[in-house]
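These notes concern the structure reproduced below.
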Amino acid sequence: MSDFEFKNNVMHAEQVPLPALAEHYGTPLFVYAKATIERNWRLFTEHLPPPHRVCYAVKANSNLAVLQTLARLGAGFDVVSGGEIARVLKAGGKAERIVFSGVAKSDLEIEEALQAGIGQFNVESVTELEQISRIAVNKGVTAPVSLRVNPDVDAKTHPYIATGLERNKFGIAMADALPAYELAQRLPGLTIVGVDCHIGSQLTELQPFLDAMDRMLALISELAERNIFIKHLDMGGGLGVRYQGETPPPVGDYIQALLFKLEQYREQTGRELALYLEPGRAIVANAGILLTRVQSIKANKIKHFVMVDAGMNDLLRPSLYQAWHNIVNVENKLGVAVQGDIVGPVCETGDFLGQDRTLIAEAGDLLAVHGAGAYGFAMSSNYNSRPRPAEVLVSGEQHFVVRARETREDLWRTETLLP
Ligand code: LLP
């Protein structure tokens, strides 16, 4: 099921025709379907009731209205910066449902997080444990900590988004985990609440998650032998979505498989553990499209170039990860198909949204780039002095501009000329 479907040969976002949105707000434009976000969220929570917890990974799409939509459903949030904590609070999210990941937290971010009363720090190193302990003691508070342990499993995904291998910068090596927990127990101002890992993103197989979970459960047992008792296991995010032909496990199967392992653990040890997950992409990727207008089409001896008004500064994924996004004409019409690359206006050869595509399009047409709800606007930039697009959230027949298009003045708002 999709909330971006053709009705009378015109693609709609829920009940709103996309050409009307382009008319109203201009292009390029990010369009999100609220119903999809809510449906994706419920898929997770219906399989993972309390005391388990789902913490949406804010980095995937941090628009305030998106966060607000999830906060209203009682979401937890996984954040990686002080900026993301501030966004969650601004959007009405509850501090105690925040888990703070992030590889190099600053003193200021830790202070802000303690001030807000977040639920858990996912600690990345021994130095960070000492840092949090020092700041918590100074403030006269206790910081709830989980250690992010690197299980050294191959997530079988793009190397830029694999995080759980020993050679990656993330987390504490499994071999160092026990002494790190013992240190956490000795240090003042800390209370140990969990164990955490995140092995990568856009995973399309279950096995790496299960392997990682086995290693985490073995660690939790070893900790119990040392009288360190863990309340919950945070397995991070990473469940993949279908961009092209991928067949990631359905959310329900993924969660059932993890819960099954938890149940086995309970039977063997008599100890209860809550499961935390941090999905980002699986909540928002298919809830968003990037709407772009064809500027012109040119051909050389080899292929066509469909030049559109969105570029790598708006949607970086194709350039950075060779990611494939489905691109379609929002009007289902007859005509001559062009074969070639869909390219943006940025002065880089790597500025493409799609390569070797076949589609019916002519200048002036609108194209929808699917799967742009996750890591789309969130990774956009002003490269080539291009103002960033507006973001619109659709709900039924209503549409709301949830981020205005940037203006020329916005481009240099924080710059100054010399006296
Ligand atoms: N938790 C942690 C600690 C993470 O580092 C991430 C993503 C997530 C959760 C959420 O992962 P997800 O469920 O979205 O896979 N820009 C890349 C993805 C980078 C992901 C970084 N970490 C992309 O566009 O594919």
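For this chain, numbers begin at 1 and follow the sequence in order. Atoms within a ligand are numbered from 1 in the order they appear, just like the ligands themselves. This structure is a prediction, so every number in the text was calculated from the model and none was measured.
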Residue P279 vicinity, atoms of ligand 1 by number, heavy atom under 4.0 Å:
13 (O)
Determine, for F121 and K105, whether the Lys NZ or Arg CZ falls below 6.0 Å from the six-membered ring centre while staying within 45 degrees of the axis.
no
Does any N or O atom in R317 lie less than 3.5 angstrom from one in ligand 1, N or O only?
yes
Checking side-chain hydrogen bond (donor to acceptor under 3.5 Å, both in side chains) for the pair N313/S381: CA distance, chi angles, key distance, verdict?
CA-CA 5 Å; N313 72 298; S381 77; 5.2 Å; no
Sorted by chain and number, sequence neighbours left out, side-chain contact (heavy atoms from CB on, under 4.5 Å) with H399 holds for V16, L21, H24, Y25, V392, V394
Heavy atom under 4.0 Å from ligand 1: found in H198's side chain, backbone, both, or neither?
side chain
Contact (N/O only, under 3.5 Å) between Y375 and ligand 1:
yes
Does the side chain of N122 come under 3.5 Å of the side chain of Q120 through a donor N or O and an acceptor N or O?
yes
What do the steps show when you test D107 against R134 for salt bridge (charged side-chain N to carboxylate O under 4.0 Å, His left out), and what is the final call?
CA-CA 10 Å; D107 281 9; R134 167 175 53 79; 3.4 Å; yes
Would you mind listing which atoms of ligand 1 come within a distance below 4.0 Å of any non-hydrogen atom of D78?
1 (N), 2 (C), 9 (C)
With heavy atoms of R281 as the reference, note each atom of ligand 1 found under 4.0 Å away.
12 (P), 13 (O), 14 (O), 18 (C), 23 (C), 25 (O)
Under 4.0 Å from any heavy atom of G280, which atoms of ligand 1 are there?
12 (P), 13 (O), 14 (O)
Could you list the atoms of ligand 1 found under 4.0 angstrom from a heavy atom of S201?
11 (O), 12 (P), 14 (O), 15 (O), 18 (C), 20 (C)
So if I count the atoms of ligand 1 from 1 in the order they appear, which ones are less than 4.0 Å from some heavy atom of E278?
1 (N), 2 (C), 3 (C), 8 (C), 9 (C), 10 (C), 13 (O)
Does the side chain of E348 come under 3.5 Å of the side chain of Y383 through a donor N or O and an acceptor N or O?
yes
So, is the end of the R87 side chain (NZ or CZ) under 6.0 Å from the ring centre of F77 and within 45° of the ring's axis?
no
Contact check: A60 vs ligand 1, nitrogen or oxygen atoms, below 3.5 angstrom:
no
Under 4.0 Å from one or more heavy atoms of A57, ligand 1 contributes atoms 8 (C), 9 (C), 10 (C)
Side-chain donor-acceptor contact under 3.5 Å, H232 with R53
no
Within the 4.0 Å heavy-atom shell around G238, which atoms of ligand 1 are there?
11 (O), 12 (P), 13 (O), 15 (O)
